[in-house]
Amino acid sequence: MTMIERNLESSNLDNRTDKDILVEVKNLKKYFPIKGGILKRTIGQVKAVDGVSFSIIKGETLGVVGESGSGKSTLGRVILRLLDPTEGNVVFDDVDISYLSQRKIRPQRKDMQIVFQDPFASLNSKMSVGQLVEEPLIVQGLLSKKDRVKQVSEIITKVGLRKGDLQKYPHEFSGGQRQRISIARALVVNPKFVICDEPVSALDVSIQAQVLNLMKDLQEELGLTYLFIAHDLSVVKHISDRVAVMYLGRFVELASKKALYNNALHPYTRALLSSIPVIDIDKEPAKKVEKIKLQGDLPSPANPPSGCTFRTRCPYAYDRCTSEVPELIELEENHFVACHLYTEK
Ligand code: ADP
Ligand code: MG
């Protein structure tokens, strides 16, 4: 058993029985081959997800935050088996789905849905709202025509659209309303788990809060479990119970919302927090922490730095960071961090 597994096992979050865990991810990896030369041979690998372990408890929202290119969408797609894992496991609702065939995975499919970032690209413009929202039921072979119509009209009201909208087409709607259509498509099959992949990133700031609130209300009403992906810590603050910070395919910190926003440990998390505007929707004043300005760009996941992959941008990096990969350890109760600053040697 690795240190992280030991830590995860002894974690208090897992005082909750196994029955409370909906999704368990164990040492998950996804490498994309890089092809080159005239023979198109594999000349390298993009390590998009590089050994991630965590579980999601029924009914909670786990936020996953990181810069563009850190592997968040790939992680989400592998969990849903829209992509096959390179290594590691995904257990969904007590079934290890990591290497099941697409046929064998069908019973789980309807329970796991995704809402994408771009409500323009993800909706077929030739289909009416009614057809778009009914489609997942048809694909899954669920319900009779009569019950499908009933289900569609119920969900369309729940997401805040009108029955009269069913005859309309996506181009007749604003971005926010279009995202409501995407949410209706995800929820019409009655899933247990929804991955929200930057669902408000493409929307006007003024609309973002409305859609976030809607998603939060629907979660409560329908008993949903969310993995909520964002590139910025301010978006997930409102909706998350716990937050994981991802950097170059790995989790560098994982903690309750309160601990993460008030007592961030990893220099990368603190840099992300430093970049949030001071004016915040929440009343709680942020604890004064030293501001860290993030320098340079994300290194390529095809050629990540040795040791701690954040060291090239970390103001506190020292020699150990070059030679040794920091493990994600539980430094405080339920507060995990992967950083040599916190482990004596
Ligand atoms: P994020 O969602 O955090 O922006 P992604 O998961 O989209 O990150 O991408 C992580 C890394 O994997 C990036 O370097 C990206 O270019 C690469 N990547 C994503 N999908 C593919 C793919 N299908 N083939 C090759 N590389 C990919
Ligand atoms: Mg993404």
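Each ligand, and each atom within it, is numbered from 1 in the order the structure gives. Both backbone and side-chain heavy atoms feed into the values below; hydrogens, waters and symmetry mates do not.
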Subject >> Neighbour list for ligand 1 [protein residues, heavy atom under 4.0 Å] >> reply: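 Shell around ligand 1 (4.0 Å, heavy atoms): Phe32, Val46, Ala48, Glu67, Ser68, Gly69, Ser70, Gly71, Lys72, Ser73, Thr74, Pro301.
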**OP:** Anything under 30° is parallel, anything over 60° is perpendicular, the rest tilted; go ahead and classify Phe310 against Tyr247.
**Re:**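 Phe310 vs Tyr247 ring planes: perpendicular.
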**OP:** Nearest 0.5 Å please: distance from the OG1 atom of Thr157 over to the NZ atom of Lys163.
**Re:**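 Thr157 atom OG1 to Lys163 atom NZ measures 4.5 Å (nearest 0.5 Å).
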Original post:
Is there a donor-acceptor pair under 3.5 Å between the side chain of Arg313 and the backbone N or O of Gln295?
Top reply: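 Between the backbone of Gln295 and the side chain of Arg313 there is a qualifying donor-acceptor contact (under 3.5 Å).
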Subject >> Spatial distance of atom CZ (Phe92) from atom CD1 (Ile56) [nearest 0.5 Å] >> reply: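 Reported value, rounded in 0.5 Å steps: 9.5 Å.
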Original post:
Should we count CD of Gln102 as having more than 12 external heavy atoms under 6.0 Å?
Top reply: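 Check passes, neighbour count above 12.
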Original post:
Should Arg148 and Ile138 count as side-chain neighbours, where that means a heavy-atom distance under 4.5 Å?
Top reply: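 Yes; the side chains approach each other to less than 4.5 Å.
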Original post:
Taking NZ, NE, NH1 and NH2 as the nitrogens, is one of them in Arg311 or Glu324 under 4.0 Å from a carboxylate oxygen of the other?
Top reply: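 The answer is no: the pair does not qualify as a salt bridge.
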Original post:
When Val194 is tested against each of Leu187, Leu218, Thr225 for side-chain contact (heavy atoms from CB on, under 4.5 Å), which residue passes?
Top reply: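 Exactly one option meets the side-chain contact (heavy atoms from CB on, under 4.5 Å) with Val194, and it is Leu187.
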Subject >> Ring geometry between Tyr268 and His266 (parallel below 30°, tilted from 30 to 60°, perpendicular above 60°) >> reply: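 Geometry flag for Tyr268 against His266: perpendicular rings.
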Subject >> Environment of the Mg ion (ligand 2) in terms of protein N/O/S atoms, cut-off under 2.8 Å >> reply: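 Metal shell, protein only: Ser73 OG.
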